[in-house]
Amino acid sequence: MVNTTTTAGLIGVVLLARHGDRTGYYQEPTTYNSTQAYITPLGEQQEFELGSFLRNTYLNPDSPSFIQNVSTDVVNVDQLTVRADAGGGNVILNSAYALLQGLYPSTKKSEMTLANGTTVLPPLGGYQYVPVESLEFWQSPSLTSWMECEYFQYHLARIYVSSAFINMSTTAAPFLTALKPYLGSVSNNFTNMWNIYDHVNVQYTYNKTYYETLPPTFLQQARYYSDWLQRNVFTDSVQNGIGQIPIRTLLPEIFWALGNMTKTSNQVKMNIQEIDYKPFISLFNVTNATLTDPEIAGTVNYASVVALELSQNSQGQHEVSMKFKNGTQDSQFRQLKMFGNTSITLDSFIHQLFWTTINSTNNWCFSCNQTVHRGCSVFNYSNDPFLYGYGTGYTG
């Protein structure tokens with residue numbers, strides 16, 4: 001159901017933000033377990049600029065996307081929920097802090113007067129400290145659900161022997177041979193395509209000699225092949241397929257946040273999830289957004305953001321609209337379609353995706369056939385053959 005008439009202003013928004021530029025980062029092609037990476041000054045600036053953009057979009061009373069009754073200058077921490085993946089170095093967590101500096105910058109309005117009449121301004125000209133929930137790898141699979149997931153590893157293995165992969169690998173072979181002198185110790189096997197692109201991109205950004213000698217189009221070609229691979233790795237042929245797992249574990253938080261925003265007792269206006277690139281690919285696929293905007297199907301740029309905006313139409317129904325800004329490449333949001341519509345009711349949004357969700361560690365262990373790691377040792381499915389593989393999308 002599509003509704004075009006909405007009341008003025010937004011009720012709230014859920015934001016999925018990718019981290020900023022970082023140091024080199026390796027992902028094992030057979031598992032996608034990863035090494036640590038650290039945010040760079042460029043990445044901090046990208047996130048700060050993203051926060052400033054979001055401030056102008058949602059905290060500016062003159063903006064058509066202004067959030068009703070939100071605190072605009074001095075942060076009200078009860079109106080803001082922020083969560084960030086804390087694993088793999090500091091890049092994602094520190095990206096959240098940099099974004100918040102742009103969203104609620106230092107202000108002298110944050111000063112306070114003590115009982116004795118002394119006026120106190122927070123450090124750094126009124127820096128505003130916003131709480132961020134840091135989610136460690138061992139605490140919950142919510143933001144890193146592909147890691148240590150046995151069925152996901154089976155999914156990868158099937159991709160690497162598929163005819164589509166073999167054909168694309170053959171197509172890419174001449175390029176990868178020509179690229180080999182620029183890869184150092186990085187393997188030029190097509191299964192390693194994400195790491196190949198990451199190496200080229202990091203070196204091209206920070207190594208002056210590399211920047212001056214890398215042949216034209218090599219960076220773009222590496223990105224093209226990497227995007228193709230990531231699109232296949234983090235999507236699936238069915239909505240509840242294991243390839244979609246990055247968004248399947250994040251959807252419960254999205255549903256919970258949007259649902260709470262409809263309640264009169266709720267104070268939260270913005271829910272921010274600072275993440276890496278994988279959930280974006282899965283989200284665009286499960287919502288069919290790539291059918292009308294196929295160019296968004298690959299890896300999103302650093303400091304990209306998806307906004308799930310909540311509003312209320314003239315009939316009193318709550319609606320959700322999805323917008324996307326692809327890093328610094330885009331100066332403004334672009335409207336995306338979910339299931340063919342620019343906005344759908346919140347009930348419809350939840351109804352079409354709720355059945356795909358993985359909403360607990362127990363459910364994740366079962367969906368991944370994991371019985372040892374990430375807290376799964378306390379659960380035991382071995383005595384119930386009916387449960388084995390059920391609901392995971394894995395059919396091999």
Among residues at least two apart in sequence or on other chains, which ones pass ring pair (Phe, Tyr, Trp, His ring centres under 6.0 Å) with Tyr26? none

Do Ile272 and Leu103 make a side-chain contact, defined as non-hydrogen atoms from C-beta onward lying under 4.5 Å apart? yes

Is there side-chain contact between Tyr58 and Val70, with heavy atoms separated by less than 4.5 Å? no

Which label fits Tyr211 and Tyr204: parallel for a plane angle under 30°, tilted from 30 to 60°, or perpendicular past 60°? tilted

Is it the case that the side chains of Gln335 and Ser321 hold a donor-acceptor pair, with the cut-off being a distance below 3.5 Å and no angle test? yes

Would you please name every residue forming a ring pair (Phe, Tyr, Trp, His ring centres under 6.0 Å) with Phe48, sequence neighbours left out? none

Any donor and acceptor pair, going by atom type alone, linking the side chain of Asn313 with main-chain N or O of Gln317 inside 3.5 Å? yes

Can you tell me how far the CG atom of Asp347 sits from the CD atom of Gln352, to the nearest 0.5 Å? 11.5 Å

Please identify each residue that fulfils salt bridge (charged side-chain N to carboxylate O under 4.0 Å, His left out) with Lys337, with sequence neighbours left out. none

Which heavy atom of Gly184 sits nearest to which heavy atom of His199, and what is that distance? N-NE2, 4.4 Å

What do the steps show when you test Leu346 against Met261 for side-chain contact (heavy atoms from CB on, under 4.5 Å), and what is the final call? CA-CA 11 Å; Leu346 176 59; Met261 289 175 186; over 6 Å; no

In Å and rounded to the nearest 0.5 Å, what is the OG to CG distance from Ser134 to Asn90? 12.0 Å

For Lys325, enumerate each residue passing the salt bridge (charged side-chain N to carboxylate O under 4.0 Å, His left out) test, keeping only those at least two apart in sequence or located in another chain. none

State which residues pass salt bridge (charged side-chain N to carboxylate O under 4.0 Å, His left out) with Arg55; sequence neighbours excluded, sorted by chain then number. Asp73

Keeping Gln79 on the side-chain end and Asn69 on the backbone end, is there a donor-acceptor pair under 3.5 Å? yes

For Ile159 and Asn232, the nearest pair of non-hydrogen atoms, with its separation, is CD1-O, 3.3 Å

Which atom of Gln239 lies closest to which atom of Trp355, heavy atoms considered: OE1-CZ2, 3.3 Å

Closest heavy-atom pair, Trp364 versus Ser145, reported as atoms and distance to 0.1 Å, is NE1-O, 2.8 Å

Do Asn271 and Glu253 have a side chain donor and acceptor closer than 3.5 Å? yes

Quick one: pull up CG in Leu219 and OH in Tyr197 and give me the separation to the nearest 0.5 Å. 5.5 Å

Nearest heavy-atom pair of Val233 and His155: which atoms, and what distance? O-NE2, 2.8 Å

Output every pair passing ring-ring contact (aromatic ring centres under 6.0 Å, His included) with a member in residues 99-119, not counting sequence neighbours, ordered by first then second residue. none

Give me the ring orientation class for Phe218 and Tyr182: parallel if the planes are under 30° apart, tilted from 30 to 60°, perpendicular past 60°. perpendicular

Any residue meeting salt bridge (charged side-chain N to carboxylate O under 4.0 Å, His left out) with Arg223, in chain and number order, not counting sequence neighbours: Asp227

Given 3.5 Å as the limit, does a donor-acceptor pair link the side chain of Asp236 with the main chain of Ile242, or not? yes

OG (Ser343) and CG (Leu310) are apart, to the nearest 0.5 Å, by 11.5 Å

Is the ring pair Phe165/Trp228 parallel, tilted or perpendicular, if the boundaries are 30 and 60 degrees? tilted

Would you say the side-chain atoms of Asp21 pair up with the backbone N or O of Pro41, donor to acceptor, closer than 3.5 Å? no

Atom pair CD/OG1 of Glu309 and Thr57 - distance to nearest 0.5 Å: 8.5 Å

Would a 4.5 Å heavy-atom cut-off, applied to side chains only, mark Arg83 and Ser142 as touching? yes

Who passes ring pair (Phe, Tyr, Trp, His ring centres under 6.0 Å) against Phe349, sequence neighbours left out? Phe255

Before we go on, tell me: are the rings of Phe333 and Phe53 under 6.0 Å apart, centre to centre? yes

Could you tell me whether the side chain of Gln203 reaches within less than 4.5 Å of the side chain of Val186, counting heavy atoms only? no

Under the criterion side-chain contact (heavy atoms from CB on, under 4.5 Å), I'd like the reasoning laid out for Leu179 against Gln221: C-alpha separation, chi angles, the key distance, then a yes or no. CA-CA 10 Å; Leu179 184 63; Gln221 288 185 75; over 6 Å; no

For Tyr206, what residues pass the ring pair (Phe, Tyr, Trp, His ring centres under 6.0 Å) criterion, not counting sequence neighbours? none

Can you tell me how far the CZ atom of Phe66 sits from the CG atom of Leu10, to the nearest 0.5 Å? 10.0 Å

Can you tell if the side chain of Ile254 reaches within under 4.5 Å of the side chain of Leu251, non-hydrogen atoms only? yes

Mind checking side-chain hydrogen bond (donor to acceptor under 3.5 Å, both in side chains) for Thr191 and listing every partner two or more places apart, or none if nothing turns up? Asn189

Is any side-chain heavy atom of Leu353 closer than 4.5 Å to a side-chain heavy atom of Phe339? yes

Examine the side chains of Gln230 and Ser226 and answer whether a donor and an acceptor come within less than 3.5 Å of each other. no

Is it true that Arg248 and Ser367 share a donor-acceptor pair across their side chains at a distance under 3.5 Å? no

Could you tell me whether the side chain of Asp198 and the main chain of Tyr25 form a donor-acceptor pair under 3.5 Å? yes

Check step by step if side-chain contact (heavy atoms from CB on, under 4.5 Å) holds for Gln101 and Tyr127. CA-CA 8 Å; Gln101 290 174 19; Tyr127 183 89; 3.5 Å; yes

If the condition is side-chain hydrogen bond (donor to acceptor under 3.5 Å, both in side chains), which residues does Gln332 pass it with, not counting sequence neighbours? none

Any side-chain heavy-atom pair of Asn301 and Arg18 under 4.5 Å: no

Flag for Tyr224-Gln220: side-chain donor and acceptor within less than 3.5 Å: no

What heavy-atom pair brings Glu136 and Ala86 nearest, and what distance separates the two atoms? OE2-CB, 3.7 Å

Anything under 30° is parallel, anything over 60° is perpendicular, the rest tilted; go ahead and classify His19 against Tyr302. tilted

Looking only at atom types and distance, does a side-chain atom of Gln27 sit under 3.5 Å from a main-chain N or O of Ser34, one as donor and one as acceptor? no

Answer yes or no: is there a side-chain heavy-atom contact under 4.5 Å between Leu16 and Pro279? no

Under 3.5 Å, side chain of Thr107 to main-chain N/O of Ser110, donor-acceptor pair present? no

Clusters formed by hydrophobic residues whose side-chain heavy atoms approach within less than 4.5 Å: which one holds Met112, and what are its other members? none

Is the closest side-chain donor-acceptor distance between Asn116 and Thr118 under 3.5 Å? yes

Is the Phe152 ring parallel, tilted or perpendicular to the Phe234 ring (thresholds 30°, 60°)? parallel

Polar side-chain atom of Glu47 near backbone of Gly20 as donor-acceptor pair, under 3.5 Å: yes

